[in-house]
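FYI, side chains are in, hydrogens and waters are out, and symmetry mates aren't considered; it's all heavy atoms of this structure. Residue numbers begin at 1 in each chain, while the letters A, B, ... track the order of the sequences.
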Amino acid sequence: MAELPRPRSPLAYLDLTARAAAAGEGAGVTLAQRPFLGMLSLRGDANDPRFAAAVQDAAGADLPATPGSSSNGGSVTLFWLAPDEWLVVCGSSSEAADLSQSLSAALEGQHAAVIDVSSGRAVIRLGGTSAKAVLQEGSSLDFDAPHFQAGRCASTRLGSVDVLLHQVEDDREGTGPLYDIYVPRSYAISLWHRLEGVSAEYGLAVSVV
Amino acid sequence: MRQRNRVAEAGLDIDRERIVRFDFDGNRYEGHAGDTLASALLANGVSVVGRSLKYHRPRGVVALGGEEPNALVRVGLGDRAVPNLKATEVPLLDGLVAESQNRWPSLGFDVGAAAGLVSRFIPAGFYYKTFMGPPWGWATWERHIRRMAGLGRAPEGRDPDRYAKRHIHCEVLVAGGGPAGLVAALAAARTGVRVVLADENAAFGGGLLQVPAEIDGKRARAWVADIVGKLERLGNVTLLPRSTVTGYYDHELLTVAERITDGVAAPDPRLPRERHWMIRARQVVLATGAIERPQVFAGNDLPRVMLTRAIRGYLHRFGVLCGRSVVLCTTDDTAYQAAVELRRAGAAVVGIVDSRDPPGEEALALARSEKIPVFAAHIPTFAHGRRRVRGLEASRLKADGREVSGLVERFACDLVGMSGGWSPAVHLFSQTGGKLRYARRLAAFVPGETRGANRSAGACTGEFDLRSCLWQGFEAGAAAASDAGAAAVSTGRADESAPDDVISDAADAPPVPWAAPSRGRKQRFVDFQNDVTADDIELAAREGYRSVEHLKRYTTLGMGTDQGRLANMHGLALLSEAVSVPIPSVGTTTFRPPYAPVTIGALAAGKVGESGRPVRQTAVHDWHEGRGGVSADWGYWKRPRCYPVEGESEADATFREVRAARSGVALTDLGSRTRIELHGIDASVLLDRLFMNDWPELPVGRARYGVMLREDGMIFDHGVAARLGRDRFLLSTAGPAETLLEHVTFLLEAVWPELRVFVTDVTESWFVAGLLGPNVPEMLAELCDDAAAPGEALVMSISEAQVAGIPARVLRSEIFGEPVTEIHVATDFAMALWSGMVTAGGPWGLEACGTAAMDVIRIERGRFALGAEADGRTTPADLGLASMVSHGKDFVGRRSLRLPAFQEAERLQLVGLMAASGGDRIPGGAQMVAADNGGRPQPALGHLTSHCTSPLLGRDIGLALVRAGRSHVGERLYASSPLVGETTPVTVVEPASLYGQGEPTNG
C-alpha cells in the first residue's frame, strides 16, 4: 500500500508553533494539543459479563462501570460516557485500527459495536496552577477532590461546547493539575479561542507536543 | 482647592501623605489615597452632588456605602464611562473624572428646579394617570419627561473590557464580612470544609470599620486583620472582597458580582473588569448587617442632612467632619456616641433631638457628662436652607407620643444627623422565599421561618449588640459546617471570639411618629432616589392603592438603584397608618435579585461573541478562506456561500460554479452534513420505521434515499442510508446531527427498547467531499488506484476505494435529483483529499462550489430544503411527496397523516414560480398575492420560501407555499414584498417542472 499523505491535526489552522514561541513567563495556564490519538467508540451491555471480559481481553483495560470513571491499561484508556457507551483512546490511529479489529473479533456474536472515531475529536491538554480556574469559567461542575480528581472524567459543557473532560493528574508538586479536554473537532478552534481568552488573566504558555 | 472639612482626628482609611487629584463636574479637587469619591467631595465642602429624579432638588451625600440614594455619578469617559455609580462606593483614584447626573444645564443652576416646573405636574402615579388619560397626554408629556427625568447616560461605544465568570462549589458560603460574618467563616472553616466569604466592600469588617470599637481588648481593625489573617492561612477559605452577593436562588445557588479593576490604581491589564461568580453552597450564613433609616420631615432631603452612622463613618474612616454645628435627631441611643465623637473632633453639637421620653439612662448620662443638650420627646419637623441645611426646627411631642404640640425648638446648624432606627438587610433571606417577622421592639422586619439551607446571624437578625452578634456568627458558622457534612467539629473556642468590651449601637425604641406633620408645601421625603414623599403615599392610599405592591408600582417607592434600602420601612409604615392596617398585615414588597445593580457585562461574561456562539469549522475551512469563500452561517457551521475571483460579483461566481456542476466538475464541502452509524441486528428494522417511504431489505453496499417525519406527521429530516455490512448502516442526512440523535435515541429508549441497535454520531470523524458534474467519473478514475473506479459504480451504492492515496468510502447517490459522488475520508486527511482533488480536477473543469450554487441547483430541480420548505409545518402531501408515503407499513408520523386537517384542500402547498420576464426580480421574503394593486392591503395566499436567479432558465425562479397551491398551476400570481416595496408577476408551475422549462443547451 502506498504511503499515506500527511494527516492534519484539528488545530493545525492555528499555527500552535508560532503561539508557543510567543509565550510569556510565569504562565499560570499551559495549553497544548495532543494530535492524532486513536479513538474508538465502544458500545455494549455493561451488565453482560461476557462483554466486560471480552473488552478486558482485547483492550487490556477494565471496563469502567461507574459514571465518570476511567481505566487504564498500557497505552489504552477507557472512559465511561454512558451506561452503554465508552470511549477508547490509544496512541495512534493505526493502533486504533488494530484495536478495533481485535475488539470486534472478541465481541463477535454479542450485541456490541466498535466504531473508529479517531479523527472526530481534538484533544487539548490543559495544565498549570490556574488550570482549574479556566475550567470553572465555563463549566459548573465541582472540580475539587474528591468530586473530581485524577482518573475521573465527565461529559460536560465548557461554555457553549460539549466536551469530555479527563483529569490526568492531580496537583502533586504545586504545579497544578493536568486535564485533557476532548472536543468535537469542528468546535476545537472556537474552544481554543475561548480557552486562550479565559487564560489571559493568568498568563498562558502554549506548548507543542 | 483646600480640603476644608478634613480634620486631624481619625481617618483610619486614608493615607494623608498621598494626595490624589480628581475632577468633578469640571472642577479640580484633591483628596487622599483611601478616600471614596463621596468622602473626598465632603472633605472639599461640596454639598450638592446631584439633582433628584423628578423634582430636580439639590441633593448631597446621605449615606456611607451601598445604601446611598442620592450621590449617583457618572464615572469615567467615553466607552469606559459608567453611569449611576454611588459616589460612596467609588474609590478615589488619581485622575478620576466624575460628573453629576440629572441636571441641566448645570448642577448649580437647574432649569427644571429653578422654574419649579416639575413638582406640581408630577404627582404620585403620574405615569399611570398619563397613560390612562386622553391619548394626547403622553405624546405631549413625553418630550419634557425624557429630558427632565431618568437616571444617568449610557457609555458611548462598545465596552472595551473583558468580564469573567466562575462557577465554584463550597460547603458554607457566608454573605457579609462584618463581625458576625467573619466569625461565622472562621468557625466553619476550622472544620476543614470549603468556605467562601464575600463582602461588598474592599475591606472586611463591616460596621466595625465605621466606628471606634474594641474587641478582645484590641482595636476593632486589629481584630479584623487578625481574623482575616487566620482565614487566609487556613487555605480552605475563598475570600471575596469587593464582591456583592446579588442573588440567592434555589438549592443554594448564589450569584456574586466581584469588581476587580474598577477603582484600582494601575490594575494588571490582563485582569477582567468584573467577575460574575456562580456559587453552589451546601449551607449559607447570611450576615448582611443592618441599614440605618432616615427620618421623615419637611426638608429632610437637603444636602448635609445625613444618616448619623454616615457622619460618624466619614469622621472615623476618612477624617472628614461633615459640619461644624450639628443637630443629631434620633429614635434610639445611636446618636449619643456620635455626638461625643463629633464634639471631640471639634464640632459643636447644638442638640440631640430624641423622640423618646425619657431617653435611655446611659445615653443621657453620656450627654450630660459631655454637656450636650438633649431635647427629649422632640422630633425634627422642618429643615431649612437652599443648597445645604442652615437650620432645623424640632417640635415637642404630646404626651401620647404621636402628635406634636406647639412647642418648637429652633437650631442654627450646618449638619443634621438622622437615625430613625435600623432595618436589618433581609433581602437575600427574602429572595429564598423565607418569611419575615415584624419585630415591634425594633420597628423592623427580621428573618422568620427560613426556606432553604441558610441561617442568619448578626445585625440582619435585628441583634445589634456586638457581643451577641459574634456569638450568633460563631454558632451559625459551626452549625452550617456541621449540616454541610463537616467531619470535624469547629475546633475554636467560642469565647475566643467573644468580646470583652464592646461599644454597641443598641436600638430599642420604635420611631414615633413615622413622619413629622406636613408643613405647607414643603416636601417630606420617604424615598430620596425616586422623590416619593409622605404625601404621595397618603395620596396613593386615598386613591385606593392599599396593597404595598400596588403602592410600590404606583409611586415608584423602593425602586431604582438603591431598591429603597432607606425608604421601605417608612413607606410601608406610612401606608399602614393611612389605611389603618397594622404593619405586619401590610407586609413588604417582594425582594428579588439582584440585591444591587449588576453590570450587563458581568451577566454576559463568557457569552459574548465566539464564546457565546461557537463557530464550527469543517476541516478545509482555511482553504475556503484562502480562496475568498464568502462565509455563511449554517447553524453553528461556517460554510462558503461562493468563491468570487477578483472582480467577480457573488452572483457571477455562483453562476460559474453552477456551470461547473453542469459541464465539468463541481467540488463541494459536505463536511457539515450529518452522518450517523447504526449497528445491531435490528438496524434495518429501525430504518424501516424511521422512513416514511417503503423500505425493502437493502443489500450490503447499496443505498437508498428516504424522508423522516415527526410523530405529528411533519417532515423532520431526509437523507440517504447506506448498508455497510450485515448489521451496519451509515445514515447521511441534511438536518443537524444533534436533533436526529435525540429523535432516534428517544425512540429507541422509550418506544422500542426491544430493538437492538446502537446509534453513533460519526459526523466529526469523517470528512465528505461532494462531486457533481459530467466529468466526475473520468476524474475519479484518474484519482483512484484500482481499476474498478467508483465512478463506474451503480448510483445509490457505497464502496471502499483509495482516493488520492487515502482510504475512502465512496457513496454514489443523488442530491436534488442530480447524481452526486461523495468521498468520505478520515477527517485528518480532509485537506489532503481536498487539495488532491483540486489539483487533479483542473483538466476536468473542476470548480469549488459553495452553498449558493447548490441552492440554485436545488431550486431549479424544485426540491425542498429543511427550514425553508420543510419548515416544521409541512406534511409530505404539502410538499407534493404523497406518492412517496408507504401504505404497507407503520412508521413514525403515519397516524398523524390521516388527521382530517391535513387533508384540507386549502392547505399551503409547494409550487414553483417563474418570473414573467428575464428582467424581473423576485423579492426575498415576498408574500404571494393575487393582484398587483399598488401596495394596498390584500389577503396573502402564501409566501415565498426559496428563490434565485436561474442560469438554466435565464430568469428569477422560486419556490413558494401557497394556499391550495397546486390548483393555481398555470396561473399568474404576484410576489410582493412590502418591505422593499416590490411586486413581481410570476407564473405558478409544478416544482418538478421548473427544470424542464429551461433550454437544455443552457445546462
Side-chain angles (χ1 to χ4, degrees), chain A residues 1-10 12-13 35-36 39 41 43-44 84-85 93 111-122 132-133 135-144 147 158-162 183-191 193-194 197-204, chain B residues 162 164-170 194 260 268 270-272 278 280 605-607 610-619 621-622 636-637 671-672 677 679-681 727-728 756-767 785 802 804-807 825-833 835-836:
Chain A
M1 188 169 136
E3 201 177 319
L4 277 173
R6 258 165 60 89
R8 199 160 169 268
S9 79
Y13 177 85
F36 308 125
M39 288 178 224
S41 167
R43 309 293 299 269
D84 64 354
E85 185 173 7
S93 53
H111 175 46
V114 181
I115 303 156
D116 195 325
V117 291
S118 292
S119 277
R121 290 176 176 86
K132 196 194 289 181
L135 295 180
Q136 285 170 332
E137 204 268 354
S139 167
S140 59
L141 293 182
D142 191 342
F143 289 107
D144 290 333
H147 309 282
L158 276 186
S160 310
V161 180
D162 291 331
V183 55
R185 183 182 188 117
S186 65
Y187 287 103
I189 288 164
S190 231
L191 182 70
H193 286 154
R194 183 190 180 98
V198 174
S199 304
E201 67 173 289
Y202 311 107
L204 170 65
Chain B
R162 197 173 76 77
K165 187 168 248 93
R166 190 178 297 168
H167 305 79
I168 61 168
H169 296 248
C170 67
R194 293 173 295 176
I260 298 175
D268 184 338
R270 299 182 308 181
L271 287 178
M278 317 279 284
R280 183 72 71 175
K607 294 176 190 155
E610 199 178 345
S611 295
R613 187 186 157 83
V615 172
R616 297 183 77 175
Q617 298 186 353
T618 73
H621 182 83
D622 40 344
Y636 283 161
W637 290 97
S672 56
E677 283 199 25
H679 286 244
I681 54 172
D727 300 330
R728 194 164 175 187
R756 289 162 68 82
V757 189
F758 289 119
V759 181
T760 307
D761 181 5
V762 296
T763 304
E764 301 272 359
S765 305
W766 295 86
F767 174 76
D785 291 356
Q802 295 272 330
I806 306 159
V825 296
T827 318
D828 282 344
F829 295 104
M831 191 59 99
L833 174 76
S835 335

Please look at [X] and chain A and tell me whether the side chain, the backbone, both or neither of the residue comes under 4.5 angstrom of a heavy atom of that chain.
{"X": "B/R194", "result": "side chain"}
{"X": "B/T618", "result": "neither"}
{"X": "B/V762", "result": "side chain"}
{"X": "B/A830", "result": "neither"}

Quick check for you: to the nearest 0.5 Å, what is the distance between [X] atom [atom1] and [Y] atom [atom2]?
{"X": "A/R8", "Y": "B/F829", "atom1": "CZ", "atom2": "CZ", "result": "12.5 Å"}
{"X": "A/S140", "Y": "B/H167", "atom1": "OG", "atom2": "NE2", "result": "5.0 Å"}
{"X": "B/S611", "Y": "A/E137", "atom1": "OG", "atom2": "CD", "result": "7.0 Å"}
{"X": "A/S139", "Y": "B/K165", "atom1": "OG", "atom2": "NZ", "result": "13.0 Å"}
{"X": "A/I189", "Y": "B/E610", "atom1": "CD1", "atom2": "CD", "result": "9.0 Å"}
{"X": "B/H169", "Y": "A/Q136", "atom1": "NE2", "atom2": "CD", "result": "8.0 Å"}

### Query
Taking C-beta and beyond as the side chain, do B/P807 and A/L4 meet within less than 4.5 Å on heavy atoms?
yes
### pair A/R185-B/D828: side-chain heavy atoms closer than 4.5 Å
yes
Could you look at [X] and say if it's the side chain, the backbone, both or neither that has a heavy atom under 4.5 Å from chain B?
{"X": "A/R121", "result": "neither"}
{"X": "A/S41", "result": "side chain"}
{"X": "A/L158", "result": "neither"}
{"X": "A/H193", "result": "side chain"}
{"X": "A/A12", "result": "neither"}

### Summary
Greatest number of non-hydrogen atom pairs under 4.5 angstrom with chain A, of B/S672, B/P272, B/C170, B/A164, falls to B/P272
Highest number of heavy-atom pairs under 4.5 Å with chain B: which of [options]?
{"options": "A/G138, A/G159, A/A133", "value": "A/A133"}
{"options": "A/L135, A/D144, A/V161", "value": "A/D144"}
{"options": "A/A113, A/P10, A/S93, A/S119", "value": "A/S119"}
{"options": "A/P35, A/S160, A/S118, A/S9", "value": "A/S160"}
{"options": "A/D116, A/D162, A/L141", "value": "A/L141"}
{"options": "A/E85, A/R194, A/H111", "value": "A/H111"}

### Query
If you look at every heavy atom in B/I806 and A/P5, which pair is closest and at what distance?
CG1-CG, 3.5 Å
### Summary
Those residues at least two apart in sequence (or on a different chain) that pass side chain to side chain donor-acceptor pair (under 3.5 Å) with A/Y13 are B/E625
### Query
Between the side chain of A/R43 and the main-chain N/O of B/V759, is any donor-acceptor distance below 3.5 Å?
yes
### Message
Can you classify the ring geometry of A/Y187 versus B/Y636 as parallel (below 30°), tilted (30 to 60°) or perpendicular (above 60°)?
### Response
perpendicular
### Message
With side-chain hydrogen bond (donor to acceptor under 3.5 Å, both in side chains) as the test, pick out the partner of A/S186 among B/Q617, B/E764, B/H621.
### Response
B/E764
### Task
List for me each residue that meets ring pair (Phe, Tyr, Trp, His ring centres under 6.0 Å) alongside A/F143, sequence neighbours excluded, and say none if there are none.
A/F148
